[in-house]
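Reviewing the structure listed below.
Chain A is the first sequence line, chain B the second, and so forth, proteins listed ahead of strands; every chain is numbered from 1.
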Amino acid sequence: MSDLLSLLQQSANALGVYRSVTATTTHNIHNANTPGFARQRANLASATATDKLGGALIGRGVLLQSVTQARDRFIERQVPRALAQAAASSTESFALKSVTALDPNGPLPESVGSFFGALRALAQHPGDPGLRQAAVGKAGIMAQAFNQTAESLHQSRKGLDAKMTGVVSEVNALSRQMADLNSQIRSATAVGVAPNDLLDARQRVQDRLVTLTGAQTVDNGDSSVNLKLPQGPTLVSGDEAGQLSTLADPNNNGHLVIRLHDVDGSAPTTLNSNAGGELGGLLSARDGALKTALSSLDTLAFDLGDALNSVHSTGFALDGSSGRELFTVGASANGAASRMQVNTAIVQDASLLAAAGSPSGMSGDAGNLQLLISKEAQALSGGADASGTLSSIITDFGISAQRIASVAEHDEATSRHITGMRDSVSGVSIDEEMINLTRAQRAYEAVTKVIQTTNEMLDTLMKLK
Amino acid sequence: MRVTSGMVFEQARASAEKARGRHQEAVSKATSGMRVSHPGDDPVAAGLLAKHKMAQMRHEAIGQSLQRAESEIQAADGAMGELGNIFSRSRELAVQLANATYNSTDRANGATEVDELLKQAISILNTEVGGRYVFGGRKDNAPPFDSLGNYVGDTEKRKVEIAPGVLSDASIRADVAVKGVGGGVDALKALSDLATALRANDVSGITGALTGLSSSVEQVSSARTQLGTQAHVMQTAIGTTRVARDAEMDAFAREGEIDMVEAFTELSRAEKGLEASLSAIAKSFSLSLADKL
């Protein structure tokens, strides 16, 4: 009789085991779409036999040995780098793709062409007030096109700064979260509990931090994971988290510099050269192609303005006066495209446009206009004329945008492949879980049958007289 | 390979996104007609587009200047033709009235006609085109000849750009062609001398004026030759500039615009691709064990 009661106890345990298997499967199904979730498996084992009947050991049923996660450490080690590279290149590519200031049908080529066209028209009748006004107007439009293009590039860089500020806030919150999770996981592991869902939560946070900063993971060996930024600085160390901050950089037109306040309390590290992920992509776009384009545009505006000014100041206005500059571009190339404007005196009185090559005051003297027109084809500091220089600026920017778009496509494919591999191991298959669910259900049904049979056997025994 | 539900959905998302992106790009090209809308689409073409656009505008502006210069040259040539007629008529009068059969009254009447011809010549030499005096050189805002026939204009020829950076003469020097500066005769003075001789009934003076008038006709004829040459240069340059401008427009279209047949073929292909992608996704979603149990 005691054996039959033992059978009932074992069956009750088995029902508990299959209820756990069902719960685990249900948990998997519930989290089929949860980012970072690694499917769990209820690992069963037969209970060690202790009763001996005759020469045979009689088994004691089933045990729930553990609930573990399906993870592949080899693949998971490749994920952070793939995520970081894809985030960096796609962020930079998106940033450059969204810049329209240097589109081939933008205002600059047309405005420069129109300005020289207006000078040519004026050269055929330099005394005509309407043509003078038109030439001064076209000069203003050209200056405005330089201003607008420079402002647009400047705003794009400012926009990236704003985005960086948001990323930095998110990184700080996530770093703290990751440090806390490290602490909880270490505590749970120390008492022998498998903290599967905490591991999933940390995986989610870790993936996001890697995507944002390009940080790489370092296992501490005590179940906690450190995050190190490219080239060394530590963002998360065990249960301590570093903090990022931003500061306006006077050496970079007030654009933000990102600093890491390390967990060891040392002086802040500047991250501009060693950030990865989205932050790296934002910095690379801001201080790479965009900065180069803006700088080249400034140089073009300065060189062209300077070349035109040097001619204009030696020419003569209708009243015979001389020595005026046509454009204000400042003393250096830095910021020249934003500063460029037509001399206010000339805007107010177009007769001051120095069209004449001699001070005789002859209204049809276009000698200086011809010299101004010749500046269109004159090589500037970069070796090419205005048209060639503008063309180079557009081409160089396009090459940067195209190169990073191509890199982003490749990185995206690599990232998708690696995360797909991870998902292949750790992700949830609904079909598979349905099968597991059915298997657990069938086993549960069978165990209840055992209980029913054992019960009947007990009844039979009880009825013996 | 183990395929999870997440992989199925991620694959579907990526495929749909890619197919939708291709379709959107094809729509954008077909509707805008442009192959390159961002420097990153084709960096070299984008740079060349700016260059071709500016070159096209340069040739367009040169062409317009040339047309204006040509019309001034044509006007100057017409004026010189009229001037030649005046000198021819004056020479006819001189030959006619030098004959002994004419009396002082006839010659006084001739003098009156020559006076009128002189006034007419001065008026012709003060021809304006678009507000510019064509014989004033760079001094184009005031009549180059005063009422007495003195030249008060400029002594330089006007220039026009016939090709980028290349200048050519676009006027003649009226002081040379009419006033004889540099070794010729003063044609207006020849007319004036004739009128004086006719009024004075001075036959030898009339005969003497004939030499000056003949030289004047030659000078005017020479000026017309110069103007004819300049007009020819202008016409050739206008043609060349037009060809250059058209070449730049063609190059712009070649680099930046899309062939519409190609654009719509690509659009059709992208539509089919999107349809196929969406159908495959829908099909894969419908296959689940959960629906069969």
Side-chain angles (χ1 to χ4, degrees), chain A residues 32-33 96-97 100 102-105 108-110 112-114 116-118 120-121 123-125 127-128 356 360 362-367 370 373-374 376-377 386-388 390-402 405 416 419-420 423-425 427-432 434-435 438, chain B residues 1-7 9-11 14 34 36-51 53-58 60-62 64-65 68-69 72 130-133 136-142 154 156 158-161 164-165 167 170 255-256 288-290 292-293:
Chain A
N33 293 324
L96 297 187
K97 185 76 182 166
T100 57
L102 295 172
D103 284 1
N105 56 354
L108 256 184
E110 184 143 354
V112 175
S114 291
F116 283 104
R120 285 188 168 92
Q124 284 311 292
H125 194 171
D128 187 313
S360 58
M362 286 185 287
S363 64
D365 184 355
Q370 299 295 1
I373 291 166
S374 73
E376 187 185 25
S387 151
L390 187 53
S391 174
S392 291
I393 293 171
I394 293 171
T395 301
D396 289 348
F397 180 77
I399 287 171
S400 296
Q402 191 185 47
R416 202 179 303 127
T419 51
D423 198 32
S424 174
V425 174
V428 176
S429 163
I430 295 291
D431 293 342
E432 190 179 301
M434 293 306 293
I435 290 166
T438 308
Chain B
M1 187 178 183
R2 186 172 172 275
V3 178
T4 67
S5 307
M7 289 165 74
F9 286 109
E10 176 55 25
Q11 176 69 34
M34 293 299 290
V36 183
S37 57
H38 185 272
D41 294 341
D42 185 341
V44 174
L48 285 174
L49 283 176
K51 215 169 182 174
K53 179 79 182 168
M54 291 170 76
Q56 179 192 326
M57 293 176 81
R58 183 183 309 134
E60 185 76 40
I62 290 172
Q64 284 170 358
S65 297
R68 183 170 186 127
E72 287 181 1
R132 295 184 93 189
Y133 291 92
R138 294 173 303 172
K139 193 175 173 185
D140 61 357
N141 60 343
D154 177 38
E156 293 280 339
R158 293 176 191 169
K159 303 280 185 190
V160 66
E161 195 179 17
L167 297 177
E255 295 291 348
S288 170
L289 188 58
K292 313 287 180 191
L293 288 173

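- Residue contact with chain A, scored on non-hydrogen atoms closer than 4.5 Å, is absent for Glu60(B).
- Only the side chain of Leu167(B) has a heavy atom closer than 4.5 Å to any heavy atom of chain A.
- Taking every heavy atom of both residues into account, Asp431(A) and Leu289(B) meet most closely at OD1-N, 3.0 Å.
- Heavy-atom pairs under 4.5 Å with chain A peak, among Gly137(B), Ala69(B), Gly47(B), at Gly47(B).
- The minimum heavy-atom distance linking Pro109(A) with Met57(B) is given by the pair O-SD, 4.4 Å.
- Listed for the Asn141(B) side chain is no donor-acceptor partner under 3.5 Å among the backbone atoms of Ser363(A).
- Among Arg120(A), Glu110(A), Arg416(A), the residue with the largest count of heavy-atom pairs under 4.5 Å with chain B is Arg120(A).
- Only the backbone of Leu96(A) comes within contact range of chain B, judged by heavy atoms closer than 4.5 Å.
- Neither the backbone nor the side chain of Ser392(A) comes within contact range of chain B, judged by heavy atoms closer than 4.5 Å.
- Using a 4.5 Å heavy-atom cutoff, the side chains of Val3(B) and Ser424(A) are not in contact.
- Top candidate by heavy-atom pairs under 4.5 Å with chain A, chosen from Ala14(B), Ala46(B), Ala61(B), Ala50(B), is Ala46(B).
- Using a 4.5 Å cut-off between heavy atoms, Ile373(A) contacts chain B through its side chain alone, with no backbone atom that close.
- Put simply, of Asp42(B), Val36(B), Ile62(B), Leu48(B), the one with the most heavy-atom pairs under 4.5 Å next to chain A is Ile62(B).
- Among Ile399(A), Val428(A), Ile430(A), the residue making the largest number of heavy-atom pairs under 4.5 Å with chain B is Val428(A).
- Contact of the Met54(B) side chain with the Leu390(A) side chain is registered, since non-hydrogen atoms from C-beta on lie closer than 4.5 Å.
- Residues Met362(A) and Glu156(B) form no side-chain contact, since every pair of their non-hydrogen atoms from C-beta on lies 4.5 Å or further apart.
- Only the side chain of Lys53(B) comes within contact range of chain A, judged by heavy atoms closer than 4.5 Å.
- Across all non-hydrogen atoms, the minimal contact from Met1(B) to Gly420(A) is CE-O, 4.4 Å.
- For Ser37(B), the part sitting under 4.5 Å from any heavy atom of chain A is the backbone (N, CA, C, O) and nothing else.
- Ser65(B) places no side-chain N or O within donor-acceptor distance of the main-chain N or O of Gln124(A), the cut-off being under 3.5 Å.
- Scanning both residues, Gly40(B) and Ala401(A), for their nearest heavy atoms gives CA-CB, 4.0 Å.
- Using a 4.0 Å cut-off between a side-chain N of Lys or Arg and a carboxylate O of Asp or Glu, Asp423(A) and Arg2(B) do not qualify as a salt bridge.
- Annotation: side chain of Pro104(A) is not in contact with side chain of Met34(B) (no heavy-atom distance under 4.5 Å).
- No side-chain heavy atom of Met7(B) sits under 4.5 Å from any side-chain heavy atom of Thr419(A).
- Proximity to chain A (any heavy atom under 4.5 Å) is restricted, for Glu10(B), to the side chain, taken from C-beta onward.
- Applying side chain to side chain contact (heavy atoms under 4.5 Å, CB included) to Pro39(B) and the options Asp396(A), Ile393(A), Ile394(A) leaves one that passes, Ile394(A).
- Looking at Ala366(A), there are no atoms closer than 4.5 Å to chain B (heavy atoms on both sides), in backbone or side chain.
- Under a 3.5 Å cut-off, the side chain of Asp365(A) and the backbone N or O of Arg138(B) do not form any donor-acceptor pair.
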